[in-house]
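Just the heavy atoms: all of them, side chains too, but no hydrogens, waters or symmetry mates, feed the values below.
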Amino acid sequence: MMLKNIITTAATALAASSLASAADLPAIEVVGNKFFYSNNGSQFYIKGIAYQADTANATGGSTINDPLADFESCSRDIPYLQQLSTNVIRVYAVNTSLDHSQCMNALNDAGIYVIADLSSPKLSVNRKSPSWTLDLYNRYTSVVDMFANYTNVLGFFAGNEVTNDETNTDASTFVKAALRDTKSYIKEKNYRSIPVGYSSNDNEETRVALADYFACGDSDESADFYGINMYEWCGTSTFQRSGYADRTADFKNLTIPIFFSEYGCNEVTPRQFTEVETLYGSDMTDVWSGGIVYMYFEETNKYGLVSIDGSDVKTLDDFNNYSSEIHKVTPTSANTASYTPSSTSMQCPATGKNWAAATNLPPTPNEDLCSCMSAANSCVVASDVSEDDYEDLFNYVCSKVSCAGISANGTTGEYGAYSFCSSKEQLSFVLNLYYQSQGGSKSDCDFSGSASLQSATTQGSCATALREIGTAGTGTASNSASFRGRSSSGSGSGSASASASASASSSRSSNSRSSSGDNSSSSGSGSASASASSTSRKSGAASSSSRANLAQVILTSLASISFVAGVGFALV
């Protein structure tokens with residue numbers, strides 16, 4: 001009762017003083033495989049809590065309250081987070097139409113950083129039909145815009161458990177493209193250098209290759225940090241017996257910071273959190289940078305540290321046990337003044353039985369290029385055709401002409417120049433290809449009333465890019481190609497942006513936890529719906545033969561109009 005009274009008093013004081021903010025927290029920077037405070041160079045270890053209620057459990061899946069936009073709730077919870085020495089919270093989805101300043105400032109004043117997933121349940125990379133589209137690009141960059149000016153944003157996750165086993169490694173090419181383009185956007189907007197990383201599951205067949213894949217390559221496309229959702233230590237265990245020793249050996253050569261983006265197995269309850277002392281001890285701190293406990297809120301999956309009833313917070317046994325363990329740890333600290341990374345580059349994993357993700361990444365989405373292509377079409381899908389009927393049209397047209405220009409294949413690394421455009425723009429593109437292949441008569445653009453003719457126009461600024469890309473949409477625009485400047489909602493730059501656009505570039509047994517969105521699983525749809533544990537315990541497009549690759553073409557084209565399945569919440 002005394003603890004509760006102290007915390008209640010603290011919460012009241014926090015709310016009353018919300019306008020009197022402390023100095024901004026120093027940004028966290030990455031050097032080698034470690035995090036450091038930017039102001040004094042001392043090492044930073046993550047002592048984190050996953051902080052997002054799955055309100056679908058209470059509301060039937062219709063809404064979710066953005067935890068960073070609800071000051072009443074975050075001011076209620078911050079004192080409890082402080083009791084656990086929390087210095088990082090992870091949130092899985094945010095609503096960019098809401099204001100986050102009160103909670104972000106209150107977290108700053110409490111010494112708490114934020115790692116935010118960039119996607120949302122309806123806008124994330126779908127592992128079954130992966131794509132990197134304009135809609136996704138705009139979602140990701142809108143989150144960056146919302147949070148870039150808060151120095152207590154430690155970083156962003158560009159994906160969460162998208163590749164979750166050896167059958168869908170191709171999806172990682174699209175997440176890595178998202179990561180590349182988010183980093184480029186941050187630089188282009190002259191924001192501070194905010195780290196962008198990836199959060200993985202713990203699948204035996206892919207765990208090492210996946211980490212190497214995101215860490216390898218040029219710095220402009222590699223991850224700045226890597227998280228792994230780790231649930232190998234259950235009940236009373238040891239460094240050796242739990243599997244932590246093996247995982248530490250697996251990642252000892254990783255050149256970027258790695259940490260547990262979730263942990264806290266609940267096969268044995270209440271959880272004792274005996275792994276905490278090991279995670280922050282000498283056996284692991286040379287490789288690992290701490291971890292994020294799953295999770296703050298008690299829900300049906302029984303992973304909560306507290307239970308919430310309106311404004312009332314009840315600490316559970318897990319809260320008390322974790323508090324006891326986290327207050328014991330004193331990890332050794334390096335300093336940038338004396339620290340030299342042992343290695344700064346990684347080799348990308350070789351393609352093999354369990355890994356088939358190309359190093360050539362999908363192109364950067366560019367709205368202007370899609371607009372140029374759309375205006376140049378004579379035959380387009382009729383405006384009154386429902387998106388529900390697009391699949392039949394794609395089925396027919398792609399059996400007659402090559403749909404390589406709108407296709408994307410993360411295994412071969414082959415991508416059409418228009419693979420990121422909207423499904424309507426892509427459908428019009430292939431309808432126009434058919435129309436032209438048949439001779440260009442009016443009857444060739446009918447499709448039982450589903451298409452119509454328009455006056456095709458090619459603005460002078462579009463001409464070079466469209467000519468170099470070619471009629472089939474499979475070419476590459478040179479750096480000299482230019483077209484209209486950036487529109488307010490799109491990507492790409494006015495000059496030379498066609499080159500960037502047209503070229504470059506689990507079914508788990510988690511006991512009481514559900515799978516991480518088995519139809520999609522991207523950041524924003526993972527553990528916030530009680531989903532993300534370890535699997536270790538527990539396509540073709542862009543070829544000259546459109547018929548052979550028809551299924552993947554349709555999946556890729558329709559991905560932008562399909563809601564992500566398998567997630568437990570949606571934004572309000």
Side-chain angles (χ1 to χ4, degrees), residues 22 24-30 33-39 42-53 66-68 74 77-94 100 103-118 143 147-148 150-158 160 192 194-200 223-230 256-264 273 275-276 279-280 284-285 288-297 303 305-306 319 322-323 325-327 329-331 333 523-524 526-528 532:
D24 288 344
L25 288 174
I28 302 301
E29 62 183 8
V30 172
N33 73 336
K34 303 185 188 304
F35 292 114
F36 295 92
Y37 288 100
S38 59
N39 63 333
S42 61
Q43 189 173 354
F44 179 86
Y45 287 97
I46 293 173
K47 298 178 182 178
I49 305 288
Y51 183 72
Q52 187 141 20
D66 179 341
L68 300 182
C74 73
D77 296 332
I78 286 173
Y80 290 90
L81 294 169
Q82 289 178 297
Q83 283 291 315
L84 299 174
S85 295
T86 305
N87 62 10
V88 171
I89 60 170
R90 178 184 180 181
V91 296
Y92 295 87
V94 295
H100 301 84
C103 280
M104 290 301 296
N105 289 332
L107 288 164
N108 176 87
D109 297 349
I112 297 174
Y113 292 84
V114 173
I115 301 178
D117 288 56
L118 291 168
V143 176
F147 292 98
Y150 297 104
T151 60
N152 62 322
V153 171
L154 188 155
F156 300 110
F157 279 126
N160 179 69
R192 68 177 175 87
I194 308 170
V196 185
Y198 178 73
S199 175
S200 170
D224 297 313
F225 58 81
Y226 191 81
I228 185 166
N229 299 332
M230 175 70 66
I256 57 177
I258 183 171
F259 57 94
F260 291 175
S261 42
E262 293 175 3
Y263 75 99
F273 289 104
E275 68 266 45
V276 168
L279 176 58
Y280 296 93
M284 298 186 68
T285 51
W288 302 90
S289 292
I292 298 172
V293 171
Y294 188 82
M295 66 171 301
Y296 182 74
F297 300 95
Y303 275 84
L305 300 177
V306 305
F319 181 101
Y322 173 68
S323 178
E325 294 298 323
I326 198 66
H327 284 102
V329 301
T330 54
S333 179
S523 61
S527 305

What's the shortest heavy-atom distance between [X] and [Y], and which atoms?
X: V143; Y: F156; result: CG1-CE2, 4.2 Å
X: P26; Y: Y37; result: CG-CD2, 3.8 Å
X: G290; Y: Y45; result: N-CD2, 4.2 Å
X: I46; Y: I115; result: CD1-CD1, 4.3 Å
X: P331; Y: T285; result: CB-CG2, 4.1 Å
X: T151; Y: Y113; result: O-CE2, 3.7 Å

Out of curiosity, [X] [atom1] to [Y] [atom2], how far, rounded to the nearest 0.5 Å?
X: L107; Y: C103; atom1: CG; atom2: SG; answer: 6.5 Å
X: N39; Y: I28; atom1: CG; atom2: CD1; answer: 8.0 Å
X: L84; Y: H327; atom1: CG; atom2: NE2; answer: 7.0 Å
X: R90; Y: Y294; atom1: CZ; atom2: OH; answer: 9.5 Å
X: Y198; Y: F157; atom1: OH; atom2: CZ; answer: 10.5 Å
X: N87; Y: L154; atom1: CG; atom2: CG; answer: 8.5 Å

Using modelled atom types and a 3.5 Å cut-off, is there a donor and acceptor pairing between side-chain atoms of [X] and backbone atoms of [Y]?
X: D224; Y: V196; result: yes
X: N33; Y: I258; result: no
X: S333; Y: S42; result: no

Does any non-hydrogen side-chain atom of [Y] lie less than 4.5 Å from one of [X]?
X: F297; Y: Y51; answer: yes
X: I89; Y: Q52; answer: no
X: V293; Y: T86; answer: no
X: V153; Y: R192; answer: yes
X: K47; Y: V329; answer: yes
X: N229; Y: F260; answer: no
X: F259; Y: S261; answer: yes
X: I228; Y: W288; answer: yes

Checklist entry - Would V114 and F147 count as a side chain to side chain contact (heavy atoms under 4.5 Å, CB included) if you check the C-alpha gap in whole Å, the side-chain angles of each, and the deciding distance to 0.1 Å? => result CA-CA 10 Å; V114 173; F147 292 98; 6.0 Å; no

Checklist entry - Where do N160 and Y92 land on the side-chain hydrogen bond (donor to acceptor under 3.5 Å, both in side chains) test, with the steps shown first? => result CA-CA 9 Å; N160 179 69; Y92 295 87; over 6 Å; no

Next on the checklist: side chain to side chain contact (heavy atoms under 4.5 Å, CB included), that's the test. Do F273 and L279 meet it? Break it down for me.
Outcome noted: CA-CA 10 Å; F273 289 104; L279 176 58; over 6 Å; no

Item to check | Stepwise side chain to side chain contact (heavy atoms under 4.5 Å, CB included) test for N108 and Y150 | outcome: CA-CA 9 Å; N108 176 87; Y150 297 104; over 6 Å; no

